Each structure stands twice: as structure tokens, then as C-alpha cells.
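Treat the numbers as computed from the prediction; the structure is a model and nothing was measured. Naming: A, B, ... by sequence-line order, numbering from 1 per chain.
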Number of protein chains: 2
Amino acid sequence: MTSIIKNFPGRHHDHAACIESALEQAVTLCRERGARLTPLRRRVLEIVWESHAPLGAYDALQRMNAGGERNAPPTVYRALEFLLEHGLIHRIESRNAFVGCTTPGNSHKAQFFICRDCGNVAETHSEEIGEAIKASATRTGFLVEKPVVEISGRCLKCHDDE
Amino acid sequence: MTSIIKNFPGRHHDHAACIESALEQAVTLCRERGARLTPLRRRVLEIVWESHAPLGAYDALQRMNAGGERNAPPTVYRALEFLLEHGLIHRIESRNAFVGCTTPGNSHKAQFFICRDCGNVAETHSEEIGEAIKASATRTGFLVEKPVVEISGRCLKCHDDE
DNA sequence: TTTAGCTTTGCTATAGTATAATATATCTAT
DNA sequence: ATAGATATATTATACTATAGCAAAGCTAAA
Ligand SMILES: [Zn+2]
Ligand SMILES: [Zn+2]
Ligand SMILES: [Zn+2]
Ligand SMILES: [Zn+2]
């Protein structure tokens with residue numbers, strides 16, 4: 001019994017709830033770990049979560065400075081580094097950009113589906129892909145440490161539109 | 001009967017043969033397609049093939065200019081673009097770098113295993129990984145166009161060394 | 001509560017990666 | 001030979017990321 005699940009972020013979903021949930025989880029998680037989710041870091045997380053599309057560091061910087069602030073690149077990069085370390089965001093290597101993690105806390109190996117039209121990303125955690133990579137690695141004579149799986153294509157919504 | 005294959009480039013393999021083979025295949029393939037493998041493009045391919053480690057565009061540029069030439073970035077980027085278009089090299093997204101394709105000609109979806117110690121890359125073409133990605137995409141509501149699979153870790157040679 | 005040590009942020013400069021735009025040269029096919 | 005297409009040269013600039021050091025803020029021990 002395998003049901004068809006469409007977990008690509010819908011166009012009209014309650015995104016305010018996404019943001020709120022992400023921030024709440026971040027607060028909880030950082031408290032548990034004794035990590036300091038400073039206002040700056042929290043603000044960057046909020047900015048990354050403004051959409052489900054990967055956001056570049058300099059785009060985040062622009063948003064941070066939209067009110068006339070004068071933050072410099074190292075500031076946003078350091079905040080992003082903190083968020084990465086604590087698994088609150090993921091880096092999308094093929095875009096040099098960052099996206100909020102949908103299941104922060106539990107360290108995990110994720111795969112990313114990135115729509116070339118709407119830009120949105122779906123994060124999955126497929127055991128099957130992980131196992132296939134592991135098997136291929138074994139045949140190749142290789143020990144997996146950090147798998148990067150980023151699939152570009154189109155989400156169904158955008159495909160249906162054309 | 002699944003034998004253990006170790007296709008990571010060995011430390012003492014005949015790399016001159018790798019280079020020669022790659023260049024020969026490139027010549028053949030470009031002739032077949034009526035694509036112009038100019039001396040410049042051929043030279044860049046040769047430079048990318050100097051090792052099995054991904055090479056950055058600016059590193060390639062330095063090699064091109066080692067004899068006092070004055071090539072500028074667009075020159076090497078255009079050559080790399082040509083080589084990519086014809087499947088003679090692959091771009092490694094997670095490194096912003098390029099590596100020679102081991103099976104040029106037949107368009108293919110490849111996975112890359114990248115050793116963090118020796119830097120070498122093994123290119124594989126696992127149906128299993130492709131299928132697992134396809135299945136996950138279907139569940140996610142997504143149409144795959146360009147899968148990026150880049151696995152960082154250690155090759156057995158480097159692991160055995162430590 | 002002061003002090004010392006650590007963490008975070010501010011700031012400047014610079015390194016590294018990639019492309020836009022335009023001019024010139026070279027090749028291909030009449 | 002000439003026109004059109006393709007490839008290369010050159011300059012400038014955009015985009016991405018980090019090094020290094022100073023200042024500010026937090027924490028815990030004395
Ligand atoms: Zn949302
Ligand atoms: Zn995640
Ligand atoms: Zn070789
Ligand atoms: Zn290949």
C-alpha cells in the first residue's frame with residue numbers, strides 16, 4: 001500500500017504557519033543545546049524562511065539591511081554558519097544558497113527537489129536513496145561522509161500550468 | 001553474482017593513458033557532431049584531465065597562462081562551457097570545479113564520489129540511485145530534469161593510509 | 001560587583017567565482 | 001572574394017565567500 005504523497009510546498013499553503021513553526025522549533029532546539037539564538041541569528045533564520053526557495057547570502061543581506069542597517073557580508077555568513085551547524089537550515093550547493101530545514105534537530109541526510117519555475121524546494125529523507133548511494137559507494141571503494149543530492153526539475157503545480 | 005568493483009582511480013594507474021583516451025574520444029566525438037574542438041578547447045580539456053580531481057576554472061586559467069599567455073576568465077569559461085555542452089567534462093557543483101567525463105558521448109546521469117584526502121573523483125552511473133531518485137520524486141510530486149549527486153567522503157586508499 | 005575569559009558582532013579589506021558587453025579574428029560556404 | 005556564422009580577445013563588473021582584527025556583550029568565578 002504505497003500512497004501518492006505530494007509534499008511539494010503548495011502555492012496557497014499557510015506559510016505564516018511554516019515560519020512560526022520553524023522559529024518555535026529553533027528556539028526550543030537552541031535552548032535544549034544551550035546555543036544562543038541571538039536576535040541577529042533569529043532574524044536571518046526568519047529571512048531564509050520567507051519562502052521555500054533557496055536564498056543567497058547576499059539576498060539575505062539585502063533583506064537585513066532593507067531598513068537602512070549596515071550589516072556587512074561576514075555578519076550574514078556567520079549567522080548562516082550558526083544556523084547550518086545547528087541544522088536549522090541547509091545549504092543548496094548547486095545554487096550557492098540556503099533554505100530552511102523542515103525537520104531541524106534530528107541530524108539527517110536530506111535530498112532536495114528544486115523547481116526551476118517557482119524556485120521552491122521540497123526536502124525529503126529517502127532511506128532508499130541513501131541505501132542506493134551506500135551500495136554504489138561500496139562497489140566503488142568509497143566511504144560516504146557527506147552526500148549531496150539536489151534534483152532540479154519542475155514541481156507538478158508548475159508543470160500543470162504550462 | 002555481484003563482484004566487488006573498486007573503480008576509484010588508483011594511485012599508480014597509467015594516467016597518461018587516461019589523458020590520451022579522453023582526448024581521442026573527444027576528437028572522435030566532435031568530428032561526429034561537427035563540433036569544433038579548437039586548440040584552445042582541446043588544451044582546456046587536457047588541463048582538466050591532468051588529474052582525477054576537480055579543477056577550478058581559475059586554476060585551469062593559471063595552467064593555460066603558465067607559459068606567459070594572457071588569457072582572461074571568459075576564455076576559459078567559454079571553453080569549459082563548450083566541453084560541458086558536449087559532455088566531455090562534468091561540473092562538480094559542490095566544489096565549483098570541473099572534472100573530465102569518463103564516458104563521454106552517451107548522455108548520462110552520473111554520480112560523483114569525491115575523496116576529501118586525495119581529491120580524486122570516481123564517476124558512476126548507478127541505475128539504482130536513478131530509480132530511487134525517480135521514486136522519491138514521484139512521491140514528492142516532482143519531475144526530475146537534472147539530478148546532482150555528489151558524495152564527499154574518502155576513497156579506500158586514503159582510508160587505509162591513515 | 002568587579003574582573004577575566006569567552007562569544008558575538010562590527011568593520012575593512014581581499015580572495016575567489018562567474019558573466020556582460022563589445023570588438024576583433026577566424027572559419028565556412030557560397 | 002564575400003557574407004554570415006562562429007570563436008576568441010579584452011575590459012569591466014557582478015556575485016560569492018573569508019581573513020583579520022577591534023569593539024561590544026555575555027557568563028561565571030572571585
Ligand atoms: Zn510554507
Ligand atoms: Zn532538513
Ligand atoms: Zn587517470
Ligand atoms: Zn560522465
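- Between B/A72 and B/P39, the one whose closest nucleotide on DNA chain D sits nearer the 5' end is B/P39.
- Within the 4.0 angstrom heavy-atom criterion, only backbone atoms of the sugar-phosphate kind lie near B/T38; the bases stay farther away.
- Chaining together hydrophobic side chains whose heavy atoms lie under 4.5 Å apart leaves B/V148 on its own.
- For B/E145, the salt bridge (Lys or Arg N to Asp or Glu O under 4.0 Å) test picks out A/R116, with sequence neighbours left out.
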Worksheet item: Once each nucleotide of nucleotides 12-21 of chain D is scored for protein heavy atoms under 4.0 Å, what B/S/- sequence comes out, 5' to 3'?
Response: ----BBBBB-
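- Evaluation of the salt bridge (charged side-chain N to carboxylate O under 4.0 Å, His left out) test over residues 21-41 of chain A, restricted to residues two or more places apart or in two chains, returns none.
- As rounded to whole Å, 7 Å separates atom C1' of D/dG25 from atom CZ of A/R36.
- With sequence neighbours left out, the side-chain contact (heavy atoms from CB on, under 4.5 Å) criterion links A/H159 to A/R154, A/E162, B/L143.
- For DNA chain C, the contact window with chain A, defined by any atom under 4.0 Å from a protein heavy atom, covers C/dT7 to C/dT12 in 5' to 3' order.
- Salt bridge A/E69/A/R43: absent, no basic N to carboxylate O contact under 4.0 Å.
- For the pair B/T140 (side chain) and B/S136 (backbone), a donor-acceptor distance under 3.5 Å is present.
- The separation between B/E81 atom CD and D/dT8 atom P is 12 Å, rounded to whole Å.
- In this structure, B/R70 atom CZ and D/dT11 atom P are separated by 10 Å, rounded to whole Å.
- Between B/N71 and D/dA9 there is a side-chain polar atom (N or O) within less than 4.0 angstrom of OP1 or OP2.
- Aromatic ring centres of B/F8 and A/F142: separated by under 6.0 Å.
- Other residues, nucleotides and ligands place no more than 12 heavy atoms under 6.0 Å from the CD atom of B/E127.
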